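Chain identifiers are assigned alphabetically (A, B, ...) following the order of the sequence lines, protein sequences preceding nucleic acid strands; residue numbering begins at 1 within each chain. As the structure is a prediction and not an experimental result, all values here were calculated from the model.
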Number of protein chains: 4
Amino acid sequence: MSHAPLRFGLIGTGRIGQVHAASIAADPDAQLSWVADPFVDGARRVAATFGGTATDTPDEVFASGEVDAILIASPTPTHVDLIAQAVDAGIPVLCEKPIDLDIARVEALRPRIASAGVPVALGFNRRFDPAFASARARVAAGEIGALEQLTIISRDPSAPPADYVAVSGGIFRDMTIHDFDMARFFLPEIVEVSASGSTTFDAGAAQHGDFDTAITTLRAASGALVTIVNSRHSAVGYDQRIEAFGGTGMLQVANAPTSLVSLSNASAVEAKPPYELFFLERYAAAYAAELHEFIRLARGEESTSPTFEDGRAALILADAAQRSATERVVVPVDLA
Amino acid sequence: MSHAPLRFGLIGTGRIGQVHAASIAADPDAQLSWVADPFVDGARRVAATFGGTATDTPDEVFASGEVDAILIASPTPTHVDLIAQAVDAGIPVLCEKPIDLDIARVEALRPRIASAGVPVALGFNRRFDPAFASARARVAAGEIGALEQLTIISRDPSAPPADYVAVSGGIFRDMTIHDFDMARFFLPEIVEVSASGSTTFDAGAAQHGDFDTAITTLRAASGALVTIVNSRHSAVGYDQRIEAFGGTGMLQVANAPTSLVSLSNASAVEAKPPYELFFLERYAAAYAAELHEFIRLARGEESTSPTFEDGRAALILADAAQRSATERVVVPVDLA
Amino acid sequence: MSHAPLRFGLIGTGRIGQVHAASIAADPDAQLSWVADPFVDGARRVAATFGGTATDTPDEVFASGEVDAILIASPTPTHVDLIAQAVDAGIPVLCEKPIDLDIARVEALRPRIASAGVPVALGFNRRFDPAFASARARVAAGEIGALEQLTIISRDPSAPPADYVAVSGGIFRDMTIHDFDMARFFLPEIVEVSASGSTTFDAGAAQHGDFDTAITTLRAASGALVTIVNSRHSAVGYDQRIEAFGGTGMLQVANAPTSLVSLSNASAVEAKPPYELFFLERYAAAYAAELHEFIRLARGEESTSPTFEDGRAALILADAAQRSATERVVVPVDLA
Amino acid sequence: MSHAPLRFGLIGTGRIGQVHAASIAADPDAQLSWVADPFVDGARRVAATFGGTATDTPDEVFASGEVDAILIASPTPTHVDLIAQAVDAGIPVLCEKPIDLDIARVEALRPRIASAGVPVALGFNRRFDPAFASARARVAAGEIGALEQLTIISRDPSAPPADYVAVSGGIFRDMTIHDFDMARFFLPEIVEVSASGSTTFDAGAAQHGDFDTAITTLRAASGALVTIVNSRHSAVGYDQRIEAFGGTGMLQVANAPTSLVSLSNASAVEAKPPYELFFLERYAAAYAAELHEFIRLARGEESTSPTFEDGRAALILADAAQRSATERVVVPVDLA
């Protein structure tokens, strides 16, 4: 099928905005049409490299009449309003996670999106990682029988700065939110959350009442149990693994090797270099695939893009985990 | 140092009793002196193979004056009385886990043991597995910095018969009890238990109100968090892994390969045969080491044998997990 | 340093020519200026996709005055004349391997290149594979002490068509030539060749008196020994491994996994998908790096590009191996 | 079937003699009846530990009338005469490799053995290693199609003392001999030998004109090619691997891990401890199985024990390799 490239308005040109700008430029079905950032020099630099017109305000993007899709990569507090603006304008939107840190604002937006019928996708990029996507497809194909246990290990290389922690919404809303969505990628219907947090090494977390270490157990409607193991640091590098255990077998996703070379000597054998630095490297292919799948969604084609509903569900789980970890209770949830 | 071999009275000649009989016969510092089982043919067969005199009652063993140590491998309900009898007779005792399914009986026995000063060891054989022991020693030596997360994956090959489930005390007291002790091997001071159970495949568990799948989170006094992932079945074979995650590194204990041979072809590469059949094979070396360490304990030498206190602690954790999983609460514990 | 992009004239637009065209288009320091192929439709298609002007003859490329570098990806018999033409025109050239199947033509060209002082690089792309390059750098850095044994396993997925075999020059000149250069990447001074060939499965090889299976041993001036294991087919996929064994350790380069997902079940554990399809996939990064390094060479910067001398040395080794395998003798060589 | 245990006369009580003594004592179908060593204290110690009567001369063993089988573990120069003595006495014999360093003496003995009809087994223990035996059985079962290439990597932990090298017969007769037999375990009919040796690190080898490094290529009658990679030292520990490559797949035998524990940190990931110390540890199970299979042979039962003919074949290959490596020729062989 022959299409004109989808013209994107990119809002936000920080680290993740730049990733999306590069993906848009590299995808033959997309082009960067407008770039907005209140820090207009950032917008200009991105536009100079990847194309499009720079501005300091999203309003100009919407007013231009030159965008077929909006990509929101601005700070979290701006997401809800920008989604609403795009939906009201009838423009499909891909928004970085989370929708918001306040579930009330998400719930308030929800009916508007449902009635508008405008595609809204959430940036849960890990669904598009080839390894996780393959594992999930193989589970769905019945390769391991009924899925009974899902273990997600997800550790960041090092703790974020204390001032980031302060506004992050806490480890569950900021970091585990990806793992909540990954759990739902395999088991969409989660009915219960139980989480434990600990603060053992990060002064920033201690200062702001956050955890640097967390274990979360989720129960699916099927009875399957999910374990999420999180840490804000990892000496071995970015640690991203999944083990799907079923009635007839097990699928494991290993960390991505950074080299095919291993060293053996009198001290140790088969030693490999540490893992990928961080998400930009580990999920490079996923970002490109995420964008491409969103283009299909925006065009009204069949698409597997995670939606606003997925973004809302992940936030409900994060809220439940936060409550469970602080009040030491088990929290039933209803994602319907 | 030259010692006469320690003369053992073995009580119980089922599967695990036979394992201990073989270990006693193989250890130059031990000999099998008496063998008791109400099913006296079993006792006779063991005595014929591994030495000693057979009887149908433990009383005759105690009365013989020919035993320096008692090894209790009889059914769980007999453990408390036999330990008491041995302690009263001043004879060191190695008792299979658990001490009892009823913590009240354990607590009642506790002061008697404390005051008697007779060594009482518990059969937590996995502490003596070379891999787990090495991992723990390396953690203790500081190889990975402060221990922050411990992940224990422990899955049996297949669910036990329904009539065994009926009297087992439930998955936490019967199966996870080993993992509770393993958690305490690394982190002795556990202060909180949160467990989730599910029944998804085993009719026996469903019939008797037990779980076939369980996830348990423990919190240590240090703030370290432990995850225990259990299943009553595993298509890949006995699945026994540990991951100790610390501030500067990570130690992982893999499943024991059953063969050094891997197959690669057009369907798959590097495929290895499934894992060890079950605990008798996987922990063969551990049983021998466990016995040997108990001999040291019985002789008053320095020993790392787990004690009655460890058996009590594991049962307290199992009770807490059972309560957490059924009442859906988080349970603080005090092991002191 | 700011440079204008290097303008390339690409000669030959078959499979490997297209790879280079894509690399040129993707490298910000290069641009495709002219594309020549007697099958002019091929040239036009490449020019339409990656830029440049299409022609059916290299002469027009040379006459254009619009090329700063020549990339020769045409059939082997054309290489010598095209290199000569480029060198005479003073234009740096990157030529696909081999220079020629006839060492006499190579030797005849040699002094002309030596005296011209125009950079001539050979397309031994594997030197630029990140894993092999890393292994070699680590050997050079002394990580494994003196290099004593180098084992190269190199197997193609499936045998080429019989009519290709007919003109290939034989397995040593066509396939092992890459491994000869890899051997020299680690151990440049090879002094002796001993090869054994066999024809056990490929009808094309049998028909044309070629081998489908070969083992070659090389001796380096240092006394180090190299083993090259070749097969024209491999059920597991493209098999490209190296093991460098030294006095204090060993560096191994494994096959590139095609997925991070492994499957375990009752039949087998840790089974991974077969390896990369073939060289275009396996060495994708290497082709781009090879081009970039040639750009440095063409600009007179420090460069590690393999040279005409490396191409000549590999052919001498291939000739020696062919003679060794057919006459059943050990062949001393002098690469000086 | 009920048999009296086979009464063994053990000749030689050095390191390998002690291994066999322990195997005899541990096998319920065997018992140690006589132990001979000119160093009679050694014989006495072995007899005291494992049973039997000690003597300083084999003649007394033969004269005793109390042995059903002879196990020869004395120095190589004594093997031929002791085999002859056993065969003449009609007593089955298991002899350590090699039969002799001089093929002429082996050929002279050959017809005597052929006509006597007394079982003579050779101590090629590696055939009984569970991993190698499994790989070979799976090849025989057709799991990888026709066997086309066999790669044997065999490296000792460290070079032997110079005075041992002096009398060893050279690397091919002393060390590679095991690999020649392993090659014939998979491919009995070898028709050609080509070997290269080098002396790069061992002063003892240099002093006595031996190699410390060797690569051998064998051709089987089927056209399959075998590569043997040897080194007299290995920093990573005893290195014993095999790769069997066939038309439809590949079977690989890895080194035996010494621990299930791996360490990951900021320097390296998945690092394991070095390999087994040496053959006594690596092949412990093989020695026991070798003995047991010999007992079957001695009793006239079906047995896979390697025979005198296998010992002769390995020596012919070693001689051919020695000649190939020193004269730089390819050597056809006829093992019939």
Side-chain angles (χ1 to χ4, degrees), chain A residues 144-151 153 155 192-202 206 211-220 222-237 239 241 243 245-252 255 274-275 324-325 327-332, chain B residues 144-151 153 155 192-202 206 211-220 222-237 239 241 243 245-252 255 274-275 324-325 327-332:
Chain A
I144 60 168
L147 181 58
E148 294 168 6
Q149 295 182 321
L150 181 71
T151 305
I153 293 178
R155 296 176 179 127
E192 191 191 75
V193 179
S194 175
S196 300
S198 193
T199 313
T200 68
F201 58 84
D202 180 36
F211 306 112
D212 53 34
T213 297
I215 307 286
T216 308
T217 303
L218 308 177
R219 180 189 303 275
S222 67
L225 297 177
V226 182
T227 307
I228 302 169
V229 177
N230 290 131
S231 178
R232 281 287 199 185
H233 73 168
S234 167
V236 308
D239 192 2
R241 287 172 286 157
E243 174 172 307
F245 175 84
T248 63
M250 179 159 70
L251 284 159
Q252 293 171 300
N255 277 316
Y275 301 117
S324 175
E327 303 181 15
R328 309 311 298 126
V329 291
V330 176
V331 180
Chain B
I144 59 168
L147 181 58
E148 296 170 4
Q149 296 182 320
L150 182 70
T151 306
I153 293 179
R155 296 175 178 129
E192 191 193 75
V193 178
S194 174
S196 300
S198 194
T199 313
T200 68
F201 59 83
D202 181 36
F211 306 112
D212 53 32
T213 298
I215 308 286
T216 307
T217 304
L218 307 177
R219 180 190 304 273
S222 67
L225 297 178
V226 181
T227 307
I228 302 170
V229 177
N230 290 131
S231 178
R232 281 287 200 182
H233 74 168
S234 167
V236 308
D239 193 2
R241 286 172 284 157
E243 175 172 306
F245 175 83
T248 63
M250 178 159 70
L251 284 158
Q252 294 171 300
N255 277 314
Y275 300 117
S324 175
E327 303 181 13
R328 311 309 300 124
V329 291
V330 176
V331 181

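Heavy atoms closer than 4.5 Å to chain A are found in the side chain of B:Arg219, but not in its backbone. Using a 4.5 Å cut-off between heavy atoms, A:Ser196 touches chain B through backbone and side chain atoms alike. For a residue to count as touching a neighbouring chain, one of its non-hydrogen atoms must lie under 4.5 Å from one of that chain's; by this rule B:Ser234 touches chain A with backbone and side chain alike. Proximity to chain B is limited to the backbone of A:Val329, based on heavy atoms less than 4.5 angstrom apart. When heavy atoms are compared at a cutoff of 4.5 Å, A:Ile144 does not approach chain B at all. For A:Thr199, no part sits under 4.5 Å from any heavy atom of chain B, backbone or side chain. Neither the backbone nor the side chain of A:Ala146 has a heavy atom closer than 4.5 Å to any heavy atom of chain B.
Here the shortest heavy-atom pairing between B:Val330 and B:Pro332 reads O-CD, 3.6 Å. The shortest heavy-atom contact between A:Phe211 and A:Gly197 is CD2-C, 3.4 Å. Contact between B:Ala235 and A:Gly247 at its shortest, heavy atoms only, is CB-O, 3.9 Å. Considering all non-hydrogen atoms of both residues, A:Ser324 and A:Ser194 come closest at OG-CA, 3.4 Å.
The only option from B:Thr213, B:Asn230, B:Asp239 that meets the side chain to side chain contact (heavy atoms under 4.5 Å, CB included) definition with B:Arg155 turns out to be B:Asp239.
Ranking A:Ser222, A:Pro274, A:Ser231, A:Gly249 against chain B, the residue ahead of the rest is A:Ser231, based on heavy-atom pairs under 4.5 Å. Note on A:Thr151, A:Thr217, A:Ile153, A:Thr248: by heavy-atom pairs under 4.5 Å with chain B, the leading option is A:Thr217. Note: B:Leu225 leads B:Leu225, B:Val229, B:Thr200 in heavy-atom pairs under 4.5 Å with chain A.
Electrostatic pairing of A:Glu243 and B:Arg241 counts as a salt bridge here, judged by a charged N lying under 4.0 Å from a carboxylate O.
Going from atom CG of B:Asp212 over to atom NE2 of B:His233 covers 7.0 Å, rounded to the nearest 0.5 Å.
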